[in-house]
2 protein chains.
Amino acid sequence: MIGMDDGPKAPPTLHDVAREAGVSIATASRALNGSSRNVRSENASRVRAAAAKLDYEPHLSAQAIAKGSTRTVALVVRDVADPYFSSIAAGVTQAAQECRLIVTMAVAGGSPERELEIVRTLRGRRPRVIIVAGSRVDGSGTRGTLVEELTEYRTAGGRVVLISQRDLPFGTVTIDNRGGAERLARALLAAGYRRFAVLHAQERIRTSRERHDGFLAGLRHAGVPEPLAIETGFTRAGGYEAARRLVERGVADVEAVFAVNDVMAIGAMTGLRDAGIVPGRDIGVAGFDDIDAAVDVVPALTTVAVPLREAGLTAMRLALSDEETADHSLPTNVVLRESTPPRPPT
Amino acid sequence: MIGMDDGPKAPPTLHDVAREAGVSIATASRALNGSSRNVRSENASRVRAAAAKLDYEPHLSAQAIAKGSTRTVALVVRDVADPYFSSIAAGVTQAAQECRLIVTMAVAGGSPERELEIVRTLRGRRPRVIIVAGSRVDGSGTRGTLVEELTEYRTAGGRVVLISQRDLPFGTVTIDNRGGAERLARALLAAGYRRFAVLHAQERIRTSRERHDGFLAGLRHAGVPEPLAIETGFTRAGGYEAARRLVERGVADVEAVFAVNDVMAIGAMTGLRDAGIVPGRDIGVAGFDDIDAAVDVVPALTTVAVPLREAGLTAMRLALSDEETADHSLPTNVVLRESTPPRPPT
DNA sequence: TTGTACGCGTTATCAG
DNA sequence: CTGATAACGCGTACAA
């Protein structure tokens, strides 16, 4: 035990494996990761044995640099803790695992600048595909730069897929926000609701805008008053806060609240209740997304189901397919629950 | 436009930047990423200009291989879509971003074999730190191998942090599951509850076992009957299903249900309600974790608050500190809400 | 089938 | 302060 060095011991390299197996590095490489099967089976098994004995793992960075490509998928989301994005992430991760790809996740936090910076540095990792999941906001000035950056990435052989952002020259998985919101509006009209408040986020956030517009479109020609629009954050806290504001203003003239996503709607329900107004009895509430929690709140939340997990899966498939710039649209479904009980005509 | 080649155009390399700036590669390297500032400022700015013009991004794999270390944090979770893990992930991501580290996420899905395989291939990426967030189950046979694998990784200079698993020779962030559950039990006793059912997961899942044990410990010496134990999945669906089973069996003799985590508790509340039993009125319900949704369900869920996001932050800090194997314990707090109203003594 | 030798994009060493 | 040049670990033509 003299002269033992406990400092960091370098992991075994292919070189070590080759030496242990008594073959050249090239043979070892072929035996372990070689595309061509041309290695004598006896040698092959000796190499595998040596690798197992030394607990060898190929250095992925070295492989990446030698082969010129990685097995990585980069996913950009706004917030990991938001069920909307974590469901998408789950889908992407699942699909990636089936293809033996590894997904790395970056959080943009709703800032276009941050998002741009992320995509930029992401390029340095040379991922095989980049998936950007709807943190995009319009008119931010960084949009052109982002498109440029992604285009350049694709020119270098990368795959780009955008979730929930139409009109950009990349593969996109889009969600029928407009149509879903429109059908929701009509369903609520059919249930007897006439006077609405809409809780939405900044106009720059596309998803919010599309759902808002769709809802208004569904109301058009129904002869109902223009809904009250309340702008707030795209989060649970935003919904809560907006509900409080709504109550302060007075809710006598609103029969139902539509929040542009479920976390906002759920926050709003709590906000209303905290102010003494019972959702589903005193006022209808509807959301959008159909996250798991929608059936656990009371009353269960009326919403528009979005196949989030599938959006992630589809995005991966699209990325791996050879269509450069296909647009895959996912349908949405109105789900009526107890938060918007049928309302007797006045 | 003759002879244009639209095939994948290789991204610019340091070589290109150097040529553009009229300096050597070495100088370019130093100007852009060099630790030492010893490069004439005029040359430095020329290099930076060239890099910007060519839209150069350093090839991270190449850097990794040259420097022998990456700027990556690998996070292993059971399920991205579970708020428990996504909150932790949010914390890790935040802390990582502050240190300009990139986090890559792998999903083990509750399988120890899968988890082991993940850690193994993770080593190939040579991350700077590996954080394993409680997907571990005991007595799975893979445990020894996992420890071995992680030890080897650490020997090679990597940092390991485990979240919510004591007794392993690595840095750990542990959560006071036992103590929290014990205090919860006492709080429920104080509120007048005497007869309980516990919804727990398999005994092999440590977190579940600790919370279960702690709860029983809190009940001890109180002269109350042994709680009814119902084993089910560690998920929302598990909670729902267990509640249905409980109802089938008959709930006349149980005054409160303790589920070992919030998603189970929330699922159980819905399950009870679907069976005509109103949580908070007919029966008390309590959970563990205090996820966001706990305040949005009705009645609001009594639970034990766990600083999940902070667990992620702490894990990163621990990883970056130089203590090889510290144990940082996070406190938990009982939060009584409407799902367990005080119960008049019989 | 196997081995030698070179290249991948960077950093680090060591003379100038 | 700068520029050759040798690593880093691996894949792969090319030659044997």
Side-chain angles (χ1 to χ4, degrees), chain A residues 8-48 50-51 54-71 121 123-128 156-157, chain B residues 8-48 50-51 54-72 121 123-127 156-157:
Chain A
K9 195 190 58 178
T13 72
L14 195 52
H15 190 83
D16 302 322
V17 176
R19 188 154 36 77
E20 176 78 22
V23 297
S24 75
I25 326 182
T27 305
S29 171
R30 286 188 277 250
L32 294 176
N33 315 301
S35 38
S36 40
R37 274 251 162 281
N38 40 3
V39 52
R40 200 167 50 180
S41 65
E42 188 202 316
N43 273 346
S45 53
R46 289 180 54 171
V47 170
R48 276 193 296 269
L54 298 179
D55 211 1
Y56 165 78
E57 278 298 327
H59 194 306
L60 266 49
S61 289
Q63 283 191 182
I65 202 181
K67 297 211 276 220
S69 82
T70 61
R71 302 194 60 80
T121 70
R123 280 180 42 213
R125 302 187 60 95
R126 306 291 192 274
R128 185 165 295 188
Chain B
K9 193 190 58 180
T13 74
L14 194 52
H15 189 84
D16 302 323
V17 175
R19 187 155 36 78
E20 176 79 23
V23 298
S24 75
I25 324 185
T27 304
S29 173
R30 285 188 278 249
L32 294 176
N33 315 303
S35 38
S36 40
R37 275 249 163 281
N38 39 4
V39 53
R40 198 167 50 180
S41 64
E42 187 202 316
N43 273 346
S45 53
R46 289 180 53 169
V47 170
R48 276 193 296 270
L54 299 178
D55 210 1
Y56 165 79
E57 276 300 324
H59 193 306
L60 266 50
S61 289
Q63 282 188 329
I65 199 180
K67 300 213 269 221
S69 81
T70 60
R71 302 194 60 79
T72 309
T121 69
R123 280 180 41 213
R125 301 187 63 96
R126 307 287 191 274

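When reading the values below, keep in mind they use all heavy atoms of this one structure, side chains included, and skip hydrogens, waters and symmetry mates.
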message = For the NE2 atom of His15(A) and the CD atom of Glu20(A), what is their distance to the nearest 0.5 Å?
response = 12.0 Å
inquiry  = Rounding to an integer number of Å, can you tell me how far Lys67(A) NZ sits from dA13(D) P?
reply    = 13 Å
ask   = Do any side-chain nitrogens or oxygens of Asn33(B) fall under 4.0 Å of OP1 or OP2 in dT11(C)?
value = yes
query = What's the CG-C1' distance between Asp16(B) and dC8(C), to the nearest Å?
reply = 13 Å
ask   = Looking at Ser24(B), does any N or O in its side chain come under 4.0 Å of the phosphate oxygens OP1/OP2 on dA4(D)?
value = no
request  = Run the numbers on Tyr56(A) and Asp16(A) for side chain to side chain contact (heavy atoms under 4.5 Å, CB included), then give the verdict.
outcome  = CA-CA 9 Å; Tyr56(A) 165 78; Asp16(A) 302 322; over 6 Å; no
message = Looking at Gln63(A), I'd like to know whether one of its side-chain N or O atoms comes within less than 4.0 Å of OP1 or OP2 on dG9(D).
response = no
ask   = How long is the line joining NE2 of His59(A) and P of dC8(C), in whole Å?
value = 19 Å
ask   = Which part of the nucleic acid, if any, lies within contact of Ile65(A), taking any heavy atom under 4.0 Å across all strands shown: a base, the sugar-phosphate backbone alone, or nothing?
value = base
key: Minimum-distance nucleotide (side-chain atoms of Ala62(B) versus dC10(D), dT2(C), dT10(C))   = dT10(C)
query = Tell me: CZ of Arg40(B) to P of dT2(D), nearest whole Å?
reply = 5 Å
request  = Ignoring backbone atoms, establish whether Thr13(A) has a side-chain N or O less than 4.0 Å from OP1 or OP2 of dG9(D).
outcome  = no
request  = Report yes if a donor N or O on one partner sits less than 3.5 Å from an acceptor N or O on the other, where the partners are the side chain of Arg30(B) and the base of dG3(D); otherwise report no.
outcome  = yes
message = Between Thr27(B) and Arg126(B), which residue's closest nucleotide on DNA chain D lies nearer the 5′ terminus?
response = Thr27(B)
inquiry  = Under 4.0 Å from OP1 or OP2 of dT11(C): is there any side-chain N or O of Ser29(B) that close?
reply    = yes
message = Using 0.5 Å steps for rounding, measure from the CD atom of Glu57(A) to the CG atom of Leu60(A).
response = 8.5 Å
ask   = In whole angstrom, what separates Leu14(A)'s CG from dG11(D)'s P?
value = 6 Å
ask   = Within this structure, what is the CD1-to-P distance between Ile25(A) and dC6(C), rounded to whole angstrom?
value = 14 Å
ask   = Is there a side chain to side chain contact (heavy atoms under 4.5 Å, CB included) between Thr13(B) and Ile25(B) once you walk through the steps?
value = CA-CA 10 Å; Thr13(B) 74; Ile25(B) 324 185; over 6 Å; no
ask   = Under 4.0 Å between a side-chain N or O of Asn43(B) and OP1 or OP2 of dC1(D)?
value = no
query = Rounded to the Å, how far apart are Arg125(B) CZ and dG9(D) P?
reply = 18 Å
note = From the candidates dC8(C), dC1(D), dT10(C), the one with an atom nearest any side-chain atom of Ala66(A) is dC8(C)
message = To the nearest 0.5 Å, what is the distance between OG on Ser61(B) and NE2 on His59(A)?
response = 8.5 Å
note = Rounded to whole Å, CZ of Arg19(A) lies from C1' of dT2(C) at a distance of 19 Å
